[in-house]
Amino acid sequence: MTASPVKTRFAPSPTGELHLGNVRTALFNALLARRHGGVFLLRIEDTDAGRSREPYVEALQSELQWLGLQWQEGPGADAGHGPYRQSGRGPLYARHFQALEAAGLSYPCFCSPETLAAARAAQRRAGRPPRYPGTCAGLSQAEVRARIEAGERPTLRFRVPGGRQIRFEDLVRGPQHVGSDTIGDFIIRRADGTPAFFFSNALDDALMGVTHVLRGEDHLTNTPRQLLLLEALGLPAPRYGHIAMIVAADGSPLSKRGGSRSVRELRERGFLPGALINHLARLGHAYAHEGYQSLDELAQGFDPGHLGRSPARHDETQLLHWQREALARAGDADLWEWMASAGAGAYLPAGKSLDFVRTVRDNVRLPEEARAWAANLFAETGRLDPRARAVIAEAGAEFYRAALRALETQGRDDFRAYTRSLQKATGTKGRGLFMPLRAALTGEVDPAADAGETGLWQHGPELAWVWQLLGPEPVRRRLELALQECESN
RNA sequence: GUCCCCAUCGUCUAGCGGUCCAGGACAUCGGCCUUUCACGCCGAAGACGGGGGUUCGAGUCCCCCUGGGGACGCCA
């Protein structure tokens with residue numbers, strides 16, 4: 001058998017939407033697997049029945065696929081280690097719980113959540129780290145049996161061996177060591193019989209043959225426990241790498257911030273998968289190549305050793321840059337679909353969609369901006385921005401009379417020829433020629449200045465394209481409106 | 001509260017004792033190009049959090065402070 005040298009995994013719990021932090025973890029794992037021609041596995045950790053939601057299971061899968069992070073093993077791709085949802089692995093867990101209990105490596109604990117909370121509070125008050133006091137560690141068989149018969153439902157705790165030094169080599173942080181005495185006996189099975197994270201997560205990694213686990217720094221202190229657990233179970237442990245978390249632009253935890261951080265939200269706003277991937281891949285990871293890269297290229301350049309150890313801030317300005325790069329690589333037809341998602345289609349005359357895309361594609365970053373241009377070009381004839389108004393007034397009625405005359409005499413199809421003749425007629429050129437035209441045709445002269453809160457507007461689209469797209473009649477109308485504007489002053 | 005981790009331009013980062021009066025990218029600003037804008041090209045401004053050490057020499061090593069993050073759950 002030629003087992004893949006590398007198997008990574010992403011193991012989300014479907015208790016909420018995928019956010020930037022989750023997805024970055026998934027991305028790094030996918031990249032690592034791809035880098036080594038290995039397998040990227042997806043496992044759904046839905047052991048918390050109370051908080052897991054089926055729609056999230058669906059959503060996370062489709063979002064992963066949308067991002068191009070297809071798993072080679074997992075739901076819908078059984079490679080013999082399934083089921084890939086923890087809710088379906090009960091029998092597997094039971095067997096290993098039994099092994100642990102039989103070996104005396106775990107024990108039933110009858111302490112109530114309230115007692116436990118009180119104990120923690122007391123320890124904290126006393127300036128000590130909260131740790132399980134070991135109340136039930138020494139219960140006799142008889143007592144355990146009696147309490148269970150009396151109707152009590154115990155949890156199962158892992159008996160942490162004392163006096164041990166746990167060492168492991170973290171893929172991104174280097175050598176780590178922790179004394180086992182700083183770890184309290186922890187729960188591996190809840191009172192309702194379901195497995196707790198420490199247990200099911202570590203066990204499944206071992207059972208599924210996962211070789212490398214890249215996960216959030218928040219799991220760093222879990223690792224020694226899982227290592228101990230795996231050792232007790234006699235199972236191989238994967239190599240762990242703990243990556244720094246992503247924080248909001250102001251440095252605060254992402255989880256405590258509003259704004260778009262869920263993948264769904266970002267997707268709905270129109271961000272492209274490639275933009276997200278390129279942005280995320282560089283958050284906490286240095287790439288030799290600065291430019292936009294495909295998933296494959298990113299994988300080739302990926303190295304856990306290049307992963308940063310300090311929290312990286314998610315700054316949407318950077319994401320917007322990658323969005324522009326991703327947009328530049330998209331085809332017109334795809335972009336039309338993308339623009340239409342924000343309703344740009346509602347304003348467009350039939351058959352104009354691709355011309356519209358070509359006209360504005362370099363001037364938009366989000367579909368909403370495309371919609372705004374569609375409205376501007378096809379639905380808002382006569383709407384003039386104050387600055388456009390000023391430019392029109394300054395150009396003067398004579399300019400627009402000449403512009404209308406030139407429209408009669410010159411070919412309407414040739415924008416260059418048109419502007420050349422207009423230049424001759426008015427004696428204007430460059431800015432003086434184009435700005436009044438732009439003002440009349442789009443009602444905007446410096447859209448960028450209008451960006452404001454939304455940051456939506458970009459610079460104006462190529463005037464020649466606008467001219468062509470609008471067609472002769474609308475162009476005439478807009479020029480006439482500009483003329484009226486001058487005359488009414 | 002206790003323990004752990006981290007700390008270079010506004011942001012993402014390079015830097016693994018001298019080759020760093022700290023390099024790149026994004027953003028910003030200026031110029032060139034273009035019969036407008038954008039793109040592109042050129043350029044500017046912009047950082048080693050503070051204090052002690054170690055060393056001939058520290059962004060790079062050690063300590064303290066400060067700041068940030070994380071863990072301490074019958075969440076994952």
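Below, chains carry the letters A, B, ... as their sequence lines are ordered, and counting in each starts from 1.
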Query - Length of the line joining L327(A):CG and C39(B):C1', which is rounded to integer Å - result: 14 Å
Query raised in the report: Does OP1 or OP2 of C75(B) have a side-chain N or O of R190(A) closer than 4.0 Å?
Result: yes
Requested in this report: Would you please classify the geometry between the Y240(A) ring and the H242(A) ring as parallel, tilted or perpendicular, with 30° and 60° separating the classes?
Outcome: parallel
Query - Separation of the P atoms in U34(B) and U11(B), to the nearest angstrom - result: 38 Å
Report summary line: Any strand, both distances under 3.5 Å, Watson-Crick or G-U wobble: C9(B) pairs with none
**Report entry** I187(A), nearest nucleotide to its side chain (from C74(B), U35(B), A71(B))
**Finding:** C74(B)
Query raised in the report: Side-chain donor or acceptor of N222(A) under 3.5 Å from a matching atom on the base of A71(B)?
Result: no
Report summary line: Answer for the Watson-Crick or wobble partner of C32(B), both distances under 3.5 Å, is G40(B)
Query raised in the report: In whole Å, what separates the P atom of U55(B) from that of U66(B)?
Result: 28 Å
Query raised in the report: Ignoring hydrogens and angles, are the base of U13(B) and the side chain of R282(A) linked by a donor-acceptor pair under 3.5 Å?
Result: no
Query raised in the report: Think R120(A) has a side-chain N or O under 4.0 angstrom from the OP1 or OP2 of G73(B)?
Result: yes
Query raised in the report: What distance, rounded to whole Å, do you find between the two P atoms, one in G18(B) and one in G57(B)?
Result: 14 Å
Report task. Would you confirm whether the ring centroid of F40(A) sits within less than 6.0 angstrom of the ring centroid of W71(A)? Result -> no
Query raised in the report: Between T47(A) and A76(B), is there a side-chain N or O to OP1/OP2 distance below 4.0 Å?
Result: yes
Requested in this report: Between U60(B) and A22(B), how far apart are the P atoms? Round to whole Å, please.
Outcome: 15 Å
Report task. Quick one: label G284(A) by what it contacts on the DNA or RNA (base, sugar-phosphate, nothing), any heavy atom closer than 4.0 Å. Result -> sugar-phosphate
Query raised in the report: Of the candidate nucleotides C6(B), G1(B), U35(B), which contains the atom at the shortest distance from the side chain of F434(A)?
Result: U35(B)
Query raised in the report: In whole Å, what is the span from the CG atom of L320(A) to the C1' atom of C12(B)?
Result: 15 Å
Requested in this report: Calculate the interatomic distance between D315(A) atom CG and G10(B) atom C1'; express it in whole Å.
Outcome: 8 Å
**Report entry** Out of C37(B), G69(B), C72(B), whichever nucleotide has its closest atom nearest the side chain of N363(A)
**Finding:** C37(B)
Report task. Using the C1' atom as the reference point in each nucleotide, state the distance between G53(B) and A71(B) in Å, no decimals. Result -> 32 Å
Report task. Could you check how far CD of E217(A) sits from C1' of C4(B), rounded to whole Å? Result -> 9 Å
Report summary line: Note: for A312(A) and A464(A) on RNA chain B, the residue whose nearest nucleotide lies more 5' is A312(A)
Query raised in the report: Looking for any heavy atom pair under 4.0 Å, which part of the strands does Q423(A) touch: base, sugar-phosphate only, or nothing?
Result: base
Query raised in the report: Mind checking whether F197(A) and H219(A) have ring centres under 6.0 Å apart?
Result: yes
Query raised in the report: Any salt bridge between E316(A) and R269(A), counting N to O under 4.0 Å?
Result: yes
Query raised in the report: For G18(B), which nucleotide is its Watson-Crick or G-U wobble mate, given both distances must be under 3.5 Å?
Result: C56(B)
Query raised in the report: Partner of C3(B) by Watson-Crick or G-U wobble geometry, both contacts under 3.5 Å, or none?
Result: G70(B)
Query raised in the report: Starting at the 5' end of RNA chain B and moving along, which residue's nearest nucleotide shows up first, T419(A) or A126(A)?
Result: A126(A)
Query raised in the report: What's the spacing between T8(A) OG1 and F28(A) CZ if we round to 0.5 Å?
Result: 12.5 Å
Requested in this report: For E462(A), report the nucleic acid contact type (base, sugar-phosphate, nothing); a contact means any heavy atom under 4.0 Å.
Outcome: base
Query raised in the report: How long is the line joining CZ of R215(A) and P of C5(B), in whole Å?
Result: 17 Å
Query raised in the report: Roughly how many Å is it from CG in D362(A) to P in U36(B), rounded to a whole number?
Result: 16 Å
Query raised in the report: Looking across every strand, which nucleic acid part, if any, lies under 4.0 Å from L283(A) by heavy atom: base, sugar-phosphate, or nothing?
Result: sugar-phosphate
Report task. Record whether the side chain of Q318(A) comes under 3.5 Å of the base of C12(B) through a donor-acceptor pair of N or O atoms. Result -> no
Query raised in the report: Just checking N201(A): base, sugar-phosphate only, or nothing, at a heavy-atom cut-off of under 4.0 Å?
Result: nothing
Query raised in the report: For the pair made of CG in D303(A) and P in U13(B), what is the distance, rounded to whole Å?
Result: 15 Å
Query raised in the report: Less than 4.0 Å between a side-chain N and a carboxylate O, is that true for R159(A) and D185(A)?
Result: no
Query - G46(B): pairing nucleotide in any strand, Watson-Crick or G-U under 3.5 angstrom - result: none
Report summary line: Quick note, R438(A) side chain, CB onward, closest among C37(B), G69(B), A27(B) is C37(B)
Requested in this report: Check each of H19(A), R24(A), H279(A) against H314(A) using the side-chain contact (heavy atoms from CB on, under 4.5 Å) test, and report the only one that passes.
Outcome: H279(A)
**Report entry** Gap in Å between the two P atoms, one belonging to G1(B) and one to C61(B), rounded
**Finding:** 29 Å
Report summary line: The reported gap from CZ in R189(A) to OG in S200(A) (rounded to nearest 0.5 angstrom) is 13.0 Å
Query - Lys/Arg N to Asp/Glu carboxylate O, D205(A) vs R43(A), below 4.0 Å - result: yes
**Report entry** Side-chain donor/acceptor contact of R313(A) with base of U11(B) under 3.5 Å
**Finding:** no
Report task. Name the nucleic acid region contacted by R189(A), choosing base, sugar-phosphate or nothing; use a 4.0 angstrom heavy-atom cut-off, strictly under. Result -> nothing
Report task. Provide the distance between the two P atoms, one in G23(B) and one in A44(B), to the nearest whole Å. Result -> 11 Å
Requested in this report: Just compare A14(B), C74(B), G69(B) and give me whichever is closest to any side-chain atom of A286(A).
Outcome: A14(B)
Query raised in the report: L433(A) has a side chain; which of C6(B), A76(B), U35(B) sits nearest to it?
Result: U35(B)
Query raised in the report: When all nucleic acid strands are considered with a 4.0 Å heavy-atom cut-off, which category describes T155(A): base, sugar-phosphate, or nothing?
Result: base
Requested in this report: Remember a base hit wins even if backbone is also touched, and classify E290(A) as base, sugar-phosphate or nothing at under 4.0 Å, heavy atoms.
Outcome: base
Query raised in the report: Whole Å only: how far is the CD atom of E369(A) from the P atom of A38(B)?
Result: 16 Å
Requested in this report: Describe the nucleic acid contact of F198(A) in one word from base, sugar-phosphate, nothing, applying a heavy-atom distance below 4.0 Å.
Outcome: base
**Report entry** Sugar-phosphate only, base, or nothing, as touched by A191(A) at under 4.0 Å among non-hydrogen atoms
**Finding:** base
Query raised in the report: Across the strands shown, which category fits H279(A) at heavy-atom distances under 4.0 angstrom: base, sugar-phosphate, nothing?
Result: nothing
Query raised in the report: On a whole-Å scale, what distance lies between the P atoms belonging to G59(B) and G17(B)?
Result: 13 Å
Query raised in the report: Parallel under 30°, tilted from 30 to 60°, perpendicular over 60°: which one fits the rings of Y93(A) and F199(A)?
Result: perpendicular
